[in-house]
Q: 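The structure is given below, and queries will be raised subsequently.
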Amino acid sequence: MRADGVTPWGTLVFEVMSQQTPLVRVAPVWLRWMRLWPAPADLADAPTADVLVEWSTLGYPSRALRLQQCATRIRDAHGGAVPTDHAQLLDLPGVGGYTAAALASFQFHQRIAVLDVNIRRVASRVFDGIELPASSAPTKAERERAEAVLPEDGHECAAWNLALMEFGALVCTQRSPDCPACPIRERCRWAGRGYPRAAKRPRTQQWRGTDRQARGRVLAALRAAHSTAPRGRAGISRAEALRAATLPGAEEGQAQRALASLIADRLVAYDEASSRITLP
DNA sequence: GAAGCGTGGTG
DNA sequence: TCACCAAGCTT
């Protein structure tokens with residue numbers, strides 16, 4: 001976490017776990033991971049099934065697979081040390097623009113702009129006078145503007161990025177910003193324009209009844225089976241997996257499709273001989 | 001650029 | 001109840 005003594009690997013794991021997941025849910029899982037797998041080589045050597053069980057209910061379990069791939073790559077291609085170079089960070093599995101910049105700034109104190117959803121929202125309001133960023137991904141113009149207002153010193157830069165993220169998370173929030181308490185409302189272009197609402201809001205993701213929900217139920221059943229079963233005898237039958245994947249009132253074939261996609265994503269394995277579904 | 005990908009908390 | 005949302009990444 002962002003505390004003294006946390007290794008680059010610890011920070012990398014923390015940032016990946018934090019992708020689309022509230023920090024309060026990340027904290028306990030991260031602590032367990034650090035105890036089980038304190039260095040990249042430890043995670044690289046772990047059974048993938050254990051990695052997925054310990055991922056618990058953080059969501060988006062593909063992140064756990066990518067983190068293990070990332071650990072293997074760091075061990076084999078970087079001598080076991082998390083690279084400090086931004087381009088090399090970006091090249092790691094599961095590490096995108098946000099995570100690479102977060103590591104470069106928070107861990108390595110480089111002068112770089114972190115453009116997470118919070119900072120992008122703050123900048124859109126203050127500079128552009130619009131409620132929400134117009135594009136789903138950061139643009140070159142956004143990045144250049146964010147870099148232009150960065151402090152010169154790398155340590156100050158880390159504090160700057162972190163402060164902006166927390167400001168967006170606590171004050172300049174997505175749904176109900178506390179504008180009366182905002183210290184820069186006099187200079188905020190969105191305030192000056194009277195807080196106009198965004199015409200087009202990003203369409204919100206469906207979940208109920210989706211393949212995603214079906215996949216989640218299979219994974220939940222497998223986590224339960226693996227955390228209680230003696231080693232080597234874990235897993236569930238294909239029939240149980242399909243039953244778990246069958247949602248009330250679901251369309252024909254959804255359960256099969258969900259299971260097939262889990263296998264294709266290597267989140268689960270299917271042993272045809274025994275007809276059992278297991279974590280990989 | 002858009003769609004797909006989990007899970008739990010909240011207003 | 002239910003839509004919305006949370007330190008994004010990959011295809």
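Lettering follows sequence order; numbering is per chain, from 1. All heavy atoms count here, side chains included; hydrogens, waters and symmetry mates do not. Keep in mind that what you see is a predicted model, and the values were worked out from it rather than measured.
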Q: Strictly distance-based, threshold 3.5 Å: is any side-chain N or O of A:T139 a donor or acceptor partner for the main-chain N or O of A:S135?
A: no

Q: Distance check needed: C:dA3 C1' versus A:Q174 CD, whole Å only.
A: 13 Å

Q: In whole Å, I'd like the distance from the CD atom of A:E131 to the C1' atom of C:dC5.
A: 14 Å

Q: Give A:P61 one of three labels, base, sugar-phosphate or nothing, depending on what nucleic acid heavy atoms sit under 4.0 Å from its own.
A: sugar-phosphate

Q: Closer than 4.0 angstrom, basic N to acidic O: yes or no for A:E251 and A:R257?
A: yes

Q: Report yes if at least one side-chain N or O of A:R223 is closer than 4.0 Å to OP1 or OP2 of B:dT7; otherwise report no.
A: yes

Q: Polar atom pairs between nucleotides 8-11 of chain C and protein, under 3.5 Å, N or O only, would you list them?
A:
residue: C:dG8; atom: OP2; partner: A:Q20; partner atom: N; Å: 3.4
residue: C:dG8; atom: OP2; partner: A:Q20; partner atom: NE2; Å: 3.2
residue: C:dC9; atom: OP1; partner: A:G96; partner atom: N; Å: 2.8
residue: C:dC9; atom: OP1; partner: A:G96; partner atom: O; Å: 3.3
residue: C:dC9; atom: OP1; partner: A:T99; partner atom: N; Å: 3.0
residue: C:dC9; atom: OP1; partner: A:T99; partner atom: OG1; Å: 2.8
residue: C:dC9; atom: OP2; partner: A:G97; partner atom: N; Å: 3.4
residue: C:dC9; atom: OP2; partner: A:Y98; partner atom: N; Å: 3.3
residue: C:dT10; atom: OP1; partner: A:G94; partner atom: N; Å: 2.7

Q: Check every atom of C:dC4, C:dA6, B:dG6 against the side chain of A:T204 and return the nucleotide holding the closest atom.
A: C:dC4

Q: Between C:dA7 atom C1' and A:L170 atom CG, what is the distance in whole Å?
A: 12 Å

Q: Would you mind telling me which of C:dA7, B:dG6, C:dC5 lies closest to the side-chain atoms of A:R201?
A: C:dC5

Q: Residues in side-chain hydrogen bond (donor to acceptor under 3.5 Å, both in side chains) with A:T246, at least two apart?
A: none

Q: To the nearest Å, give me how far apart CG (A:L132) and C1' (C:dC5) are.
A: 12 Å

Q: Can you find a donor-acceptor N/O pair under 3.5 angstrom joining the side chain of A:R175 to the base of C:dC4?
A: yes

Q: Using atom C1' in both nucleotides, what's the gap between C:dA7 and B:dA2 to the nearest angstrom?
A: 23 Å

Q: For residues 273-280 of chain A, tabulate all N or O donor-acceptor pairs below 3.5 Å that involve a side-chain atom, not counting sequence neighbours.
A:
residue: A:S274; atom: OG; partner: A:D271; partner atom: OD2; Å: 2.6
residue: A:S275; atom: OG; partner: A:Y270; partner atom: OH; Å: 3.4
residue: A:R276; atom: NH2; partner: A:G235; partner atom: O; Å: 2.8

Q: When you measure from the side-chain N and O atoms of A:T57 to the phosphate of B:dG8, is any distance below 4.0 Å, counting only OP1 and OP2?
A: yes

Q: Write down the distance between CZ (A:R208) and C1' (B:dG6), rounded to a whole number of angstrom.
A: 14 Å

Q: Taking the P atom of each, how far is C:dT1 from B:dG6, in whole Å?
A: 25 Å

Q: Starting from the 5' end of DNA chain B, give me the residue, A:S136 or A:G59, whose nearest nucleotide shows up first.
A: A:S136

Q: Rounded off to whole Å, could you give me the CZ-to-C1' distance for the A:F167 and C:dA7 pair?
A: 17 Å

Q: Ignoring hydrogens and angles, are the base of B:dT7 and the side chain of A:R25 linked by a donor-acceptor pair under 3.5 Å?
A: yes

Q: So if I take residues 248-264 of chain A and measure heavy-atom distances to DNA chain C, which residues fall below 4.0 Å?
A: none

Q: Distance between the P atoms of B:dA3 and C:dC4, in whole angstroms?
A: 16 Å

Q: For A:R217 and B:dG8, give me the distance from atom CZ to atom C1', rounded to whole Å.
A: 16 Å

Q: Taking A:D91's backbone N and O only, do any of them form a donor-acceptor pair with A:R73's side chain (distance below 3.5 Å, no angle check)?
A: yes

Q: How about A:H226 and A:D50: do any of their side-chain heavy atoms sit closer than 4.5 Å?
A: no

Q: Quick one: label A:L58 by what it contacts on the DNA or RNA (base, sugar-phosphate, nothing), any heavy atom closer than 4.0 Å.
A: base

Q: Would you give me the side-chain donor-acceptor pairs under 3.5 Å for residues 187-196 of chain A, sequence neighbours excluded?
A:
residue: A:R189; atom: NH1; partner: A:F127; partner atom: O; Å: 3.3
residue: A:R189; atom: NH1; partner: A:D128; partner atom: O; Å: 3.3
residue: A:W190; atom: NE1; partner: A:P196; partner atom: O; Å: 2.8
residue: A:R193; atom: NH1; partner: A:G129; partner atom: O; Å: 2.7

Q: Passes ring pair (Phe, Tyr, Trp, His ring centres under 6.0 Å), A:W37 versus A:W9? Steps please.
A: CA-CA 10 Å; A:W37 308 303; A:W9 172 243; 9.6 Å; no

Q: Quick one: side chains of residues 108-115 of chain A, donor-acceptor pairs under 3.5 Å with protein atoms, not counting sequence neighbours, listed by atom name and distance.
A:
residue: A:Q110; atom: NE2; partner: A:T84; partner atom: O; Å: 2.8
residue: A:R111; atom: NE; partner: A:P151; partner atom: O; Å: 2.8
residue: A:R111; atom: NH2; partner: A:L150; partner atom: O; Å: 3.1

Q: Can you check the A:L267 CG to B:dG4 C1' distance for me, whole Å?
A: 13 Å

Q: Less than 4.0 angstrom from a charged side-chain N to a carboxylate O is my criterion; do A:R121 and A:E131 meet it?
A: no

